[in-house]
Amino acid sequence: MELFCRLPYSLNDELADDLAEGRRKPSWMWVALHGDRVLARVAWWSRPGDAVPALLDIFDLDDTAPGPDGSGAGAVGPDPFDAGLRLLRAALPVVLPDGARPEYLRSVAPAWRADRVERRAVENRMAALERTGARLFVERLRWEWTPQDAGAPQAVERDGAGPREGERDALGPQGPGHGTVPPRGPGQDAPVASGVARQDLPVTSDAAVRRGRPASPGAVSAAALSFRSPRDREELLALMTSVLEGTLDAHSRAALGRMSAREAAVQQYEEELVRYRSPREWWRVGVLPGGEPVGFVIPAHNGYHAIIAYLGVVPAYRGNGYADALLAEGTRVLAGQGVPRVRANTDLGNVPMADAFRRAGYRAVGGRIDMTWE
């Protein structure tokens with residue numbers, strides 16, 4: 001472990017626990033060495049006990065040496081970029097002999113392109129992965145709420161990257177990959193789940209509001225909503241199917257290109273939501289005074305953090321502020337458990353959901369790069 005952790009990254013502190021909990025295997029953790037110097041490393045992550053990896057969440061190069069652009073601190077010896085590429089090409093067919101390629105996730109700072117050093121590090125890793133066939137799928141923002149932040153909305157940091165859908169949205173429930181949403185990867189936050197948001201499993205934070213959309217005629221105020229647990233699996237699946245209409249989430253949209261909305265909802269429910277070990281009693285459906293459901297929110301704990309794993313508003317009720325009410329309720333449920341923070345992810349281009357998080361007092365504390373293979 002000491003050898004593997006010689007290259008710095010935010011997930012290093014989680015690795016020992018991940019191994020103990022069955023989220024990683026030593027055979028999924030590879031390094032490229034020159035003498036005793038670690039030039040590159042790669043590692044995969046899975047949900048506890050799974051036989052195959054769900055995410056590639058660690059790929060690092062020795063950034064003290066020059067990269068392809070000639071920049072770097074000037075360490076002598078083999079080129080870490082070339083070593084990392086050779087490492088990927090050696091490890092991929094051994095770890096994943098069936099040819100499957102789980103999504104790659106990389107945590108970044110909110111405005112990573114503005115930092116010359118971090119930008120070079122991120123782009124070097126992406127360039128090496130691209131040479132194995134990976135392509136950028138979506139860029140996401142990581143949000144965090146703490147009791148100290150309550151009631152203190154923050155401006156969203158933007159670096160001008162990524163599509164802005166009307167503006168655009170992102171990942172599926174913590175989980176990536178998807179056919180639908182990936183599981184959370186280490187250190188990732190909900191997938192918003194994380195999500196596989198790893199950090200948090202791939203959180204599918206599916207904001208169901210549209211920027212600039214007028215309120216429905218005769219709409220009931222969001223303050224009039226009440227909340228209850230889903231009556232049963234079928235009710236939640238019906239709501240999950242409904243909110244996929246017009247979704248901005250990139251993972252959800254990709255899933256809809258391969259299967260029906262109902263199939264995508266069932267897959268996400270079975271492969272992500274029911275696998276959270278936190279109580280399902282936390283899940284909430286928002287209802288009008290007459291009992292009609294307008295949407296739902298899935299607060300959860302992914303083994304690393306408390307997360308908003310999924311949030312959706314039924315199409316007929318969008319534009320009325322119900323997403324804010326659902327987010328507030330999900331945050332309240334988690335805050336009631338005494339958690340130190342609540343995390344979530346949204347696609348960089350999902351402006352409506354980003355605005356909802358900001359209004360709820362969440363701060364943009366980081367970002368994430370998601371890459372996939374065809």
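Everything numeric here is computed off the predicted structure, so don't read it as measured data.
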Under 3.5 Å donor-acceptor, [X] side chain and [Y] backbone:
| X | Y | result |
| --- | --- | --- |
| Tyr362 | Val342 | no |
| Arg318 | Val243 | yes |
| Arg228 | Gly286 | no |
| Asp115 | Val117 | yes |
| Asp98 | Pro93 | no |
| Asp50 | Val52 | no |
| Arg280 | Arg277 | no |

Side-chain ion pair, [X] and [Y], N-O less than 4.0 Å:
| X | Y | answer |
| --- | --- | --- |
| Arg262 | Glu234 | yes |
| Arg86 | Asp79 | no |
| Arg23 | Asp57 | no |
| Glu271 | Arg47 | no |
| Arg6 | Glu2 | yes |
| Arg106 | Asp60 | yes |

Give me the atom names and distance for the closest heavy-atom approach of Ala43 to Leu56.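 Smallest interatomic distance, heavy atoms only, reads O-CD1, 3.2 Å.
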Of all the heavy-atom pairs spanning Gly321 and Ala222, show the shortest one and how long it is.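 That would be O-CB, 3.6 Å.
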Exactly one of Trp282, Trp283, Tyr310 should register a ring-ring contact (aromatic ring centres under 6.0 Å, His included) with Phe296. Which one does?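 When Trp282, Trp283, Tyr310 are each tested with Phe296, the ring-ring contact (aromatic ring centres under 6.0 Å, His included) holds only for Tyr310.
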Side-chain H-bond candidate by donor/acceptor type, Glu144 with His305, under 3.5 Å: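 Checked: Glu144/His305 side chains show no N/O donor-acceptor pair below 3.5 Å.
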Pair Trp112, Glu139: side-chain N/O donor-acceptor within cut-off below 3.5 Å: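 Checked: Trp112/Glu139 side chains pair up, N/O donor to acceptor below 3.5 Å.
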Here's a test for you: under side-chain contact (heavy atoms from CB on, under 4.5 Å), which of Leu288, Val287, Val285 qualifies with Ser226?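 The side-chain contact (heavy atoms from CB on, under 4.5 Å) with Ser226 is passed solely by Val287 among Leu288, Val287, Val285.
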Establish, for the pair Arg41 and Phe4, whether the NZ or CZ atom is under 6.0 angstrom from the six-membered ring centre and no further than 45 degrees off its axis. yes
What's the separation between atom CZ in Arg140 and atom CZ in Arg142, rounded to the nearest 0.5 Å?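 So the gap between those two atoms works out to 10.0 Å.
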Show the numbers, then the answer: is there a side chain to side chain donor-acceptor pair (under 3.5 Å) between Gln337 and His301? CA-CA 11 Å; Gln337 306 303 312; His301 197 290; over 6 Å; no
Who pairs with Thr132 by side-chain hydrogen bond (donor to acceptor under 3.5 Å, both in side chains), at least two apart in sequence or on another chain?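 Per chain and number, Thr132 pairs via side-chain hydrogen bond (donor to acceptor under 3.5 Å, both in side chains) with Trp373.
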